[in-house]
Amino acid sequence: MSVTRTHCGAPRPADEGAHITVYGWVDRRRDQGGLIFLDLRDHTGILQVVLDAARAQEAHDAAHGVRLEYVLRVEGELRRRAAENVNPRLGTGEVELHATGCAVLSAARTPPFPVNEDTDVEEQLRLRHRYLDLRRERMQHNLRARARFSTELRRAMSEQGFVEIETPLMIRSTPEGSRDYLVPSRLFPGSFYALPQSPQLYKQLCMVAGFDRYFQLAHCMRDEDLRADRQPEFTQLDIEMAFVDEEDVFAALEHAIPSAWHACEFRGSPLRVPFPRIPWREAMARYGSDKPDTRFEMLLHDVTEVARSSGFRVFAEAVARGGVVKAICVKGGDDLTRSEIEGRLTDVVRAAKARGLAYLWRRADGWQSGIAKFFSDEELERISATVGADIGDCVLMVADTAEVATTALGALRNHLARARRLYDEARVDFVWVTEFPMFERSEETGAIQPAHHPFTMLHADDVELLESDPLAVRSRAYDIVVNGREVGSGSIRITDPAIQRRVLAALGIGDAEAREKFGFLLEAFEYGVPPHGGWAGGIDRMLMEGLGTENIRDVIAFPKNQQAQEPLTQAPAPVDTAQLRELGLSLLPPRQ
RNA sequence: GGCCCCGUGGUGUAGCCUGGCCUAACACGCCACCCUGUCAAGGUGGAGAUCGUCGGUUCGAAUCCGAUCGGGGUCGCCA
């Protein structure tokens, strides 16, 4: 546009008398007959335009037919408003544009939902007309915040000497991990590329290549079912560093993330730095989760010893079988009713595989509960002291295997915190969870599998356990957890071929299979590999926390719905048989 | 694949539990007219829903039952 453009949000009283041209969408119109007011909106704000039939007949007539969301060009003279007409809710509220010309650049159909206000609209409808949804103030704000966050992260990484390297999007499929999205090869019919679940192997190759410090805002694709915080396509801040240990990785991120966070003025600013570190064992013991929410207390306590000798058979028998009894103390839990506990709260622990939930109220006149009679006064006193129960509190307990009791109470802890609003909504807690177990047992197959990935270095003190007790081996893997949500994970990697061989052996992967699957990485390591480690974290999830939204779609421009469809363009869609033939593909009949 | 919630004019909701006063209500939006200081403009008038779909129960269904479709959440899954 050759005419100089003034943005709608820009004019101020100092600009009085200026002849300007503005472009934008009609946010509201107030037609009083001879006098029409239009609120013209662009991404910078809203400017009131005045169209006076007596002064500019032609412009006024044009404005008469204008409707919401029409795209206009308006020129005129900027004037200061009379004192009684000032609108303090607008940045431009002290001025207004007296139009001499008004051109409709584009008419608009009546929008399927309000663009000019922040009403809840059915998700599917928002996605089908995403261009209108994105035009709304909230999404404009979110996506502009996202752009700023990415820019600031890039700046913070670059200033620390990290080199941004783009890794390929069409790569070899590797068997581990989540389900791959596949891309058929035309030149090699029957062969496929995979879209990366992460650039893991490439960034390690960058270390071998001598890049020392790599980063990327990497697109990752995983073909798994969706959640409120999970999209099939997402973006990670991906980093890798050579000649480092955990502290160097932590320091790099404790600089980059907070500086970007603060530049965006995100929720919870300023962040507490350094991020507290919680060993995995402690996270499980105290919070009942490897994703501890540290915004509130109500920690788990172990009352196994009291339970062991008690007359309460449910507890004593669980302990005799090698189980444990864990407890949390609900401060002011006096108001929890029996039906609440036996209903909703018991459902929560049952969902985590616990058999039931025991409860005790500590009241001024003593302990109250169906099970209090099974405990001596001294035992009740010990429980009370262990969990820190005062009069007016409620103690909730689960007896089961250590894993079930812990995770069930952890789930209950989170449930109660949300239901009882035990934390400050404005607070954002970043924490490191360290020393994750090296391996875990697959519930499906019973086989040992990597908890992180098979190139994760193990804790120096636990090397001897690798063959004798692999499940007890701690790794040098670490997560960043924000308000109980995992946003990223990383590790120091194995670069010693002997250790790598032993780890793969523990996973039941022999030399031949290792060559077949990761041969290129192991071969690369034979040419001089620096010790290295890294981390990758979800930008989308960090934005959710920073912007305070519960849904990942609110921080992505064109997300998929829960069926992984994109309702605007209708992806995925069938393709022409000619395309299939070219790729050497034919379709099986649909599965029943 | 399991479980939970939702589906009523263009949008957001009420009505549903306890069937008939529903010829389906309210707000916003939409259309027409009036209006020269409005800014969530106002006034007058108007259009617009066979209550997701199919079947059942009943004299009678938005309302009860079953199935099904669509959306959201969650468990499984996400090395």
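For clarity, every value in this text was computed on a predicted model and none was experimentally measured. By convention in this document, chain letters (A, B, ...) are assigned in the order of the sequence lines, proteins followed by strands, and residues within each chain are numbered from 1.
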Is there a side chain to side chain contact (heavy atoms under 4.5 Å, CB included) between Leu543(A) and Asn142(A) once you walk through the steps?
CA-CA 8 Å; Leu543(A) 286 161; Asn142(A) 287 359; over 6 Å; no
May I have the step-by-step check of side chain to side chain contact (heavy atoms under 4.5 Å, CB included) for Arg502(A) and Val463(A), ending in yes or no?
CA-CA 10 Å; Arg502(A) 287 172 67 188; Val463(A) 178; 3.7 Å; yes
With side chain to side chain donor-acceptor pair (under 3.5 Å) as the criterion, how do Thr549(A) and Asn551(A) come out once you've worked through the C-alpha distance, each side chain's angles and the decisive distance to 0.1 Å?
CA-CA 6 Å; Thr549(A) 174; Asn551(A) 202 296; over 6 Å; no
Does the salt bridge (Lys or Arg N to Asp or Glu O under 4.0 Å) test come out yes or no for Arg130(A) and Asp133(A), once each step is laid out?
CA-CA 5 Å; Arg130(A) 191 60 158 177; Asp133(A) 190 39; 2.6 Å; yes
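Within 4.0 Å (heavy atoms only), Arg553(A) reaches sugar-phosphate atoms of the nucleic acid but no base atom. When heavy atoms are screened at a 4.0 angstrom cut-off, Asn551(A) is found touching the sugar-phosphate backbone but no base atom.
Note on residues 30-41 of chain A: pairs passing salt bridge (Lys or Arg N to Asp or Glu O under 4.0 Å), not counting sequence neighbours, are Asp27(A)-Arg41(A), Arg30(A)-Asp39(A), Arg41(A)-Glu69(A). Listed by first and then second residue, the salt bridge (Lys or Arg N to Asp or Glu O under 4.0 Å) pairs that reach into residues 473-482 of chain A are Glu246(A)-Arg476(A), Glu435(A)-Arg474(A), Asp462(A)-Arg474(A), sequence neighbours excluded.
Comparing the C1' positions of C16(B) and C51(B) gives a spacing of 11 Å, expressed to the nearest Å. C26(B) and C5(B) have their P atoms separated by 30 Å, given to the nearest Å. Comparing the C1' positions of C30(B) and U74(B) gives an interatomic distance of 39 Å, to the nearest angstrom.
Nearest nucleotide to the side chain of Gln562(A), out of A40(B), U74(B), C28(B): U74(B). Nearest to the side chain of Gln124(A), among A32(B), A40(B), G71(B), sits G71(B). You'll find that the side chain of Asn561(A) is closest to G72(B), out of G29(B), G72(B), C31(B). Side chain of Ala228(A), nearest nucleotide from C35(B), G29(B), U74(B): U74(B).
Across all strands shown, C64(B) forms a Watson-Crick or G-U wobble pair with G56(B), both key distances being under 3.5 Å. When both distances must be under 3.5 Å, the Watson-Crick or G-U wobble mate of C3(B) is G73(B). Pair check for G42(B) finds C34(B); Watson-Crick or G-U wobble, both atom distances under 3.5 Å. Across all strands shown, A25(B) forms a Watson-Crick or G-U wobble pair, both distances under 3.5 Å, with U13(B).
Per the geometry, CZ belonging to Arg418(A) stands 13 Å off P belonging to G73(B), to the nearest Å. As rounded to whole Å, 17 Å separates atom P of U74(B) from atom CG of Asp347(A). Across the protein-nucleic acid pair, Arg28(A) atom CZ and C30(B) atom P stand 10 Å apart, rounded to whole Å. In this entry the distance linking CZ of Arg344(A) with P of C5(B) reads 11 Å, nearest Å. Rounded to whole Å, atom P of C35(B) lies 16 Å from atom CZ of Phe37(A). Between Leu38(A) atom CG and U36(B) atom P there is a gap of 16 Å when expressed in whole angstrom units. Across the protein-nucleic acid pair, Glu137(A) atom CD and A40(B) atom P stand 14 Å apart, rounded to whole Å. Rounded to whole Å, atom P of U38(B) lies 15 Å from atom CZ of Arg89(A).
By the ring pair (Phe, Tyr, Trp, His ring centres under 6.0 Å) test, His459(A) pairs with no residue at all, sequence neighbours left out. When the ring pair (Phe, Tyr, Trp, His ring centres under 6.0 Å) test is applied to Tyr70(A), no partner is found at least two apart in sequence or on another chain. Tyr214(A) is linked by a ring pair (Phe, Tyr, Trp, His ring centres under 6.0 Å) to nothing, counting only residues two or more places apart in sequence or in another chain. Take Arg281(A) and apply the salt bridge (charged side-chain N to carboxylate O under 4.0 Å, His left out) test, not counting sequence neighbours, and it matches no residue. Residues forming a ring pair (Phe, Tyr, Trp, His ring centres under 6.0 Å) with Phe37(A) (at least two apart in sequence, or on another chain): none. Every side-chain contact (heavy atoms from CB on, under 4.5 Å) that Thr569(A) has, sequence neighbours left out, goes to Glu566(A), Ala571(A).
Judged by distance alone, the side chains of Ser491(A) and Arg493(A) do bring a donor and an acceptor atom under 3.5 Å apart. Side-chain contact check for Asp180(A) and Gln197(A): at least one donor-acceptor pair (N or O, by modelled atom type) lies under 3.5 Å. A side-chain N or O of His453(A) and one of Gln200(A) form a donor-acceptor pair less than 3.5 Å apart.
RNA chain B lies under 4.0 Å from at least one heavy atom of each of the following residues of residues 79-87 of chain A: Arg81(A), Asn85(A), Asn87(A). Only Asp52(A), Ala54(A), listed by number, bring a heavy atom of residues 49-66 of chain A to less than 4.0 angstrom from any atom of RNA chain B.
The aromatic rings of His60(A) and His64(A) sit parallel to each other, their planes meeting at less than 30°, with 60° as the upper class boundary.
Where Gln48(A) and Pro111(A) meet RNA chain B, the nucleotide closest to each residue was compared, and Pro111(A) sits on the side nearer the 5' end.
Look at Arg67(A) and you'll find a side-chain N or O under 4.0 angstrom from OP1 or OP2 of C31(B). Contact check, Arg30(A) against U38(B): no side-chain N or O comes under 4.0 Å of OP1 or OP2.
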Sub-3.5 Å pairs of nitrogen or oxygen atoms, protein against nucleotides 76-79 of chain B:
residue: G76(B); atom: N7; partner: Arg227(A); partner atom: NH2; Å: 2.7
residue: G76(B); atom: O6; partner: Asp225(A); partner atom: OD2; Å: 3.3
residue: G76(B); atom: O6; partner: Arg227(A); partner atom: NH1; Å: 3.0
residue: G76(B); atom: O6; partner: Arg227(A); partner atom: NH2; Å: 2.7
residue: G76(B); atom: N1; partner: Asp225(A); partner atom: OD2; Å: 2.5
residue: G76(B); atom: N2; partner: Asp225(A); partner atom: OD2; Å: 3.4
residue: C77(B); atom: O2'; partner: Glu224(A); partner atom: OE1; Å: 2.5
residue: C77(B); atom: O2; partner: Arg230(A); partner atom: NH2; Å: 3.0
residue: C77(B); atom: N3; partner: Arg230(A); partner atom: NH1; Å: 3.3
residue: C77(B); atom: N3; partner: Arg230(A); partner atom: NH2; Å: 2.9
residue: C78(B); atom: O2; partner: Arg230(A); partner atom: NH1; Å: 3.1
residue: C78(B); atom: N3; partner: Arg230(A); partner atom: NH1; Å: 3.2
residue: A79(B); atom: O4'; partner: Gly177(A); partner atom: N; Å: 3.1
residue: A79(B); atom: O3'; partner: Pro450(A); partner atom: O; Å: 3.0
residue: A79(B); atom: O2'; partner: Pro450(A); partner atom: O; Å: 3.0
residue: A79(B); atom: O2'; partner: His452(A); partner atom: O; Å: 2.3

Strictly under 3.5 Å: I want the nitrogen or oxygen pairs between protein and nucleotides 11-14 of chain B, one per line.
residue: U11(B); atom: O4'; partner: Pro112(A); partner atom: O; Å: 3.4
residue: G12(B); atom: OP1; partner: Glu122(A); partner atom: N; Å: 2.9

